[in-house]
Amino acid sequence: MSVKKQIYAVVDLETTGTKRGIDQIIQFGCVMIQKNKIVNTISQNINPKQAIPRAITDLTGIDASQVKDAPTFAEIGPSLRNMLEDTIFVAHNVNFDFPFLNAAFESIGLPALNIAAIDTVELAQIFLPTAVSYKLQDLANLLSIQHKNPHHADSDAFVTAKLFFSIKKKNGKHPATDLGAYCPAQ
């Protein structure tokens, strides 16, 4: 796909925990970027078909009542995979979101995504070397990016997209081609 037509999928997941194959996705957020513009946003609660631990509810504010009528990952996974398969995957700590999402795809019989991936944590470490912390909220504060709902997939994806734009602007170039070492990260 040419750079002009390239779509970046800035993704964030909220999950019942950190163990792939055991814990489940409870919220999917995605901001699609093409030609330096946000062209689509996706915010989807997902029924994990398992209890949401109290610590996760305390962190995210997401409880069982919010996801009980949401589709399961098996119901929406095929369309999510189809949407993401020709994109460059971007996440803040891509080594959590990308493998977790791929494990979820494989758990419902779909192949893992084999696409390029960019980690905004690593980009920030390169282009914002004086930052005191590389947590998303701290970087948002540093760059004056408003973060209304931390630990909600849609808000985190939107702030990560804004961070990606800010780093791209600071770099003055195209992060995916300038930082090819991050592609693919699996």
Point to revise | Within 6.0 angstrom of Phe89 CZ, more than 12 heavy atoms from elsewhere | key: yes

If we ignore hydrogens and angles and just use 3.5 Å, is the side chain of [X] paired with the main-chain N or O of [Y] as donor and acceptor?
| X | Y | result |
| --- | --- | --- |
| Asp156 | Pro150 | no |
| Asp23 | Lys19 | yes |
| Ser166 | Lys162 | no |
| Tyr134 | Glu122 | no |

Validation row: [X], [Y] side chains within 4.5 angstrom (heavy atoms):
| X | Y | answer |
| --- | --- | --- |
| Asp12 | Asp97 | yes |
| Met83 | Met32 | yes |
| Asp154 | Thr41 | no |
| Thr16 | Ile26 | yes |
| Asp138 | Val132 | no |
| Leu139 | His92 | yes |

Quick one: [atom1] on [X] to [atom2] on [Y], what's the gap to the nearest 0.5 Å?
| X | Y | atom1 | atom2 | result |
| --- | --- | --- | --- | --- |
| Leu136 | Thr120 | CG | OG1 | 7.0 Å |
| Lys168 | Leu123 | NZ | CG | 12.0 Å |
| Asn141 | Ile145 | CG | CD1 | 9.5 Å |

Point to revise | Nearest heavy atoms of Ala70 and Asn47, plus distance in Å | key: O-CB, 3.3 Å

Practice item. Start with the C-alpha gap between Glu14 and Ile46, add the side-chain angles, then the distance that decides, and say whether side-chain contact (heavy atoms from CB on, under 4.5 Å) holds. Key: CA-CA 10 Å; Glu14 299 304 331; Ile46 300 170; over 6 Å; no

**Study point:** Verdict with supporting geometry, Glu106 and Asn102, side-chain hydrogen bond (donor to acceptor under 3.5 Å, both in side chains)
**Key:** CA-CA 6 Å; Glu106 291 175 329; Asn102 270 335; over 6 Å; no

Check your understanding: Quick one: do Leu80 and Val94 end up in the same hydrophobic cluster if we chain Ile, Leu, Val, Met, Phe, Trp and Tyr together by side-chain heavy atoms under 4.5 Å apart?
Key -> yes

Check your understanding: Is Tyr8 linked to Ile167 within one hydrophobic cluster, defined over Ile, Leu, Val, Met, Phe, Trp and Tyr using a side-chain heavy-atom separation of less than 4.5 Å?
Key -> yes

